[in-house]
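In each ligand, atom 1 is the first atom listed, and ligand 1 is the first ligand listed.
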Amino acid sequence: MFEIDPNSQANIDQIVTRHLHLSLAVDFDAKILRGSATLDLEAISDNVEKVVLDTNHLNVSGSFIVNKDGQEQALKTDDSIRHPVFGTALSISLPNALNKGESAKVKIDYETTSESGALQFLTPEQTLGKNHPYLFTQCQAIHARSLAPCQDSPGIKITYSADIKAPNPLRALMSAISVGSEEAGDHTIYKFSQKTTMPSYLLAIVCGNIVKADISDRCAVWTEPENIDACAWEFAEMEKSLKIAEDLLTPYSWGRYDLLVLPPSFPYGGMENPCLTFVTPTLIAGDRSLTDVVGHEISHSWSGNLVTTKNWEHFWLNEGWTTFFERKIVGRLEGEDARQLSSVIGNNDLKSAVEFFGTSNPLTALVPKLDGIDPDDAFSSVPYDKGYNLLYYLEQLLGGPEVFEPYMREYIKEFQGKSITTDDWKEFLFKYFENTCPEKVEVLNKVDWEHWLYKPGMPPVENEFDTRPQQVCIDLANKWLGAKDSGDYSGFSESDITNFSTMQKVIFLTRLQDSAPLPAVLLKNLDSFYSLTNSRNSEVRFSWLSLALKSNFEQVFDAVVDMLSTQGRMKFTRPLYRLLDACPDGKALTKETFLKNRNFYHPICSRLIQRDLGL
Ligand SMILES: CC/C=C\C/C=C\C[C@@H](O)/C=C/C=C/C=C\[C@@H](O)CCCC(=O)O
Ligand SMILES: [Zn+2]
């Protein structure tokens, strides 16, 4: 059954894009991209008279049909339909109606604008090197339409090619394989090819003063020269994670797996752009303790990038499976205790998300309705950790990894290259076990599918993760809470957490948050024994500052402002702004800090914080 995409205005039920070619020049002075998008289209129904594309904040100067000889004939376009969230529908009339199976090549001349939400242009001052401007894109979920006219739905999979003209000495990279370059005066034209079909949200461009450090024959790290050695060291083991993922699933099929470490305003921990994962520099902890995010992005090479959600209502198929694969990698790299700790942290994040949205909020359903809703506004830990919890629950129910992991591999093989819905996923789950272990179908029939998939709030079943690995964290937290009552802090020392992993420190601090507000004297002692404010580990620093703000501990206000002013990762910035704003004397500082940094943040981040704060 054809399922429309509630977040796209493209007529993808009539005509689809098979290939996209972008020919763009980066104009750092005007802060725009200028050039053309050429779409190879194929009708999938009869009598198709137009192609409707998604655009948002683009200036389109002309649309043309391109015939086999490369001659261009101008086409009539209508851009009168504008949706406040989903952008402008660009309706292009075809010279002759197409019947099913017939194709056409359409070229659109355009440029982006200062409102194009996919793009962030950085001034030299906002980069590490301070000498050159920088551009990067973020297209997930529905921002590709502000980068290029396209059928901006994950239900459409395309190959793509591009030539990107960049001013020397800057380098351009894309979510594709680099296939050469040519000099053009004081510019260079970089050429790219992505031969594996992918959804539009995985289009990505970066242009800046970036250099490479090879990690293996198929992996490298890219970043500004000032950061390359630290980044190469931090991510030196990514080939190992890639091999583990291949052993778990199927051979890696994207050719290269490179990692780009961006400037600090990048709004997410990572973005799974094929061939070139984008990551935040907040992963650089100096001890390789935050590389689980790389495991997550590597896992997307299968779940999300090969097997893709049909539309954003089934986003959990991308993120729930990826989180499941990520934690399988953690288990194989660091042991089952680490996988259990990660599961506990994820479950805490799920509880926080449900509490923030409200237990009856429809957006806390695993498969929410997104009609008229910007997916950015629906984004939370729910698709990640409610999705993870469902898959973990099914693995336990069906007989453990030895039964479930073969199913995982068959699931990827069945749907690779396709975009699917939750119904497709569930139908295959039942079919697989009907064919391999018929007695398991009875087990599956007893699952409360309606509640797991469509009801808001926490899942109907709470998984019993192994609590032993976290017990040492809970015990230390309880010891601090005991000292709160006695006022005696003499029994603590720096060595208490010397052997704690990042996850154990986060669980320890999260446990104390459950008892917030805590007295200032306790927090002062906690920070002086464990040096939390000055931690290089962004996850530990974030958990500590959150605990302190929940206790209105004003001594951390400067450190909070510093964290809000030196990185733009929404996982940290959004909660810290909300917590600072909730402090009796924090409101003015919140507004002042946001107004000072709003242009430092990516447009997605600025918009969501402004909405969170009601500014
Ligand atoms: C129910 C939600 C439905 C659709 C949401 C789809 C996309 C949301 C859009 O905001 C894009 C999100 C991109 C996320 C990228 C990386 C994350 O996996 C990591 C986020 C947390 C972190 O910073 O580590
Ligand atoms: Zn993800």
Tell me the protein heavy atom at minimum distance from [atom], and give that distance in Å.
{"atom": "atom 2 (C) of ligand 1", "result": "A378 O, 3.7 Å"}
{"atom": "atom 7 (C) of ligand 1", "result": "A141 CB, 3.5 Å"}
{"atom": "atom 13 (C) of ligand 1", "result": "Q140 OE1, 3.1 Å"}
{"atom": "atom 16 (C) of ligand 1", "result": "G270 O, 2.8 Å"}
{"atom": "atom 24 (O) of ligand 1", "result": "R569 NH2, 2.7 Å"}
{"atom": "atom 20 (C) of ligand 1", "result": "F379 CZ, 3.8 Å"}
{"atom": "atom 3 (C) of ligand 1", "result": "W312 O, 3.4 Å"}
{"atom": "atom 23 (O) of ligand 1", "result": "G269 N, 2.6 Å"}

message: If the cut-off is 4.0 Å to any non-hydrogen atom of P375, which atoms of ligand 1 fall inside it?
response: 4 (C), 5 (C), 6 (C), 8 (C)
field: Numbered atoms and elements of ligand 1 in range of P368, under 4.0 angstrom, heavy atoms
entry: 1 (C)
Salt-bridge contact [X]-[Y] (side-chain N to carboxylate O under 4.0 Å):
{"X": "R256", "Y": "E239", "result": "no"}
{"X": "K243", "Y": "E246", "result": "no"}
{"X": "K571", "Y": "E539", "result": "yes"}
{"X": "D514", "Y": "K550", "result": "no"}
{"X": "R339", "Y": "E334", "result": "no"}

Answer with yes or no whether [X] contacts ligand 1, where contact means a heavy atom under 4.0 Å from a ligand atom.
{"X": "H296", "value": "yes"}
{"X": "F572", "value": "no"}
{"X": "D376", "value": "yes"}

field: Modelled atom types, side-chain donor and acceptor of S535 and N537, under 3.5 Å
entry: no
message: Below 3.5 Å, N or O to N or O, backbone or side chain included: is there any such pair between Y384 and ligand 1?
response: yes
field: Nitrogen or oxygen atoms of K571 and ligand 1 under 3.5 Å apart
entry: no
Donor-acceptor under 3.5 Å (E313 side chain, L370 main chain): yes
task: Measure the acute angle between the ring planes of F325 and W321, then classify it against the limits of 30° and 60° as parallel, tilted or perpendicular.
output: tilted
query: Taking the six-membered ring of F542, is NZ or CZ of R569 closer than 6.0 Å to its centre and within 45° of its axis?
result: no
task: Mind running side-chain hydrogen bond (donor to acceptor under 3.5 Å, both in side chains) on N56 and R82 for me, showing each step along the way?
output: CA-CA 9 Å; N56 204 1; R82 172 145 186 86; 3.0 Å; yes
- prompt: Quick one: does L22's side chain get under 4.5 Å of L33's, heavy atoms only?
  reply: no
- line: Of Y268, Y201, F266, the one whose closest heavy atom lies nearest atom 14 (C) of ligand 1 is Y268
Metal-centred angle, NE2 of H296 through the Zn ion (ligand 2) to OE2 of E319, rounded to 10 degrees: 150°
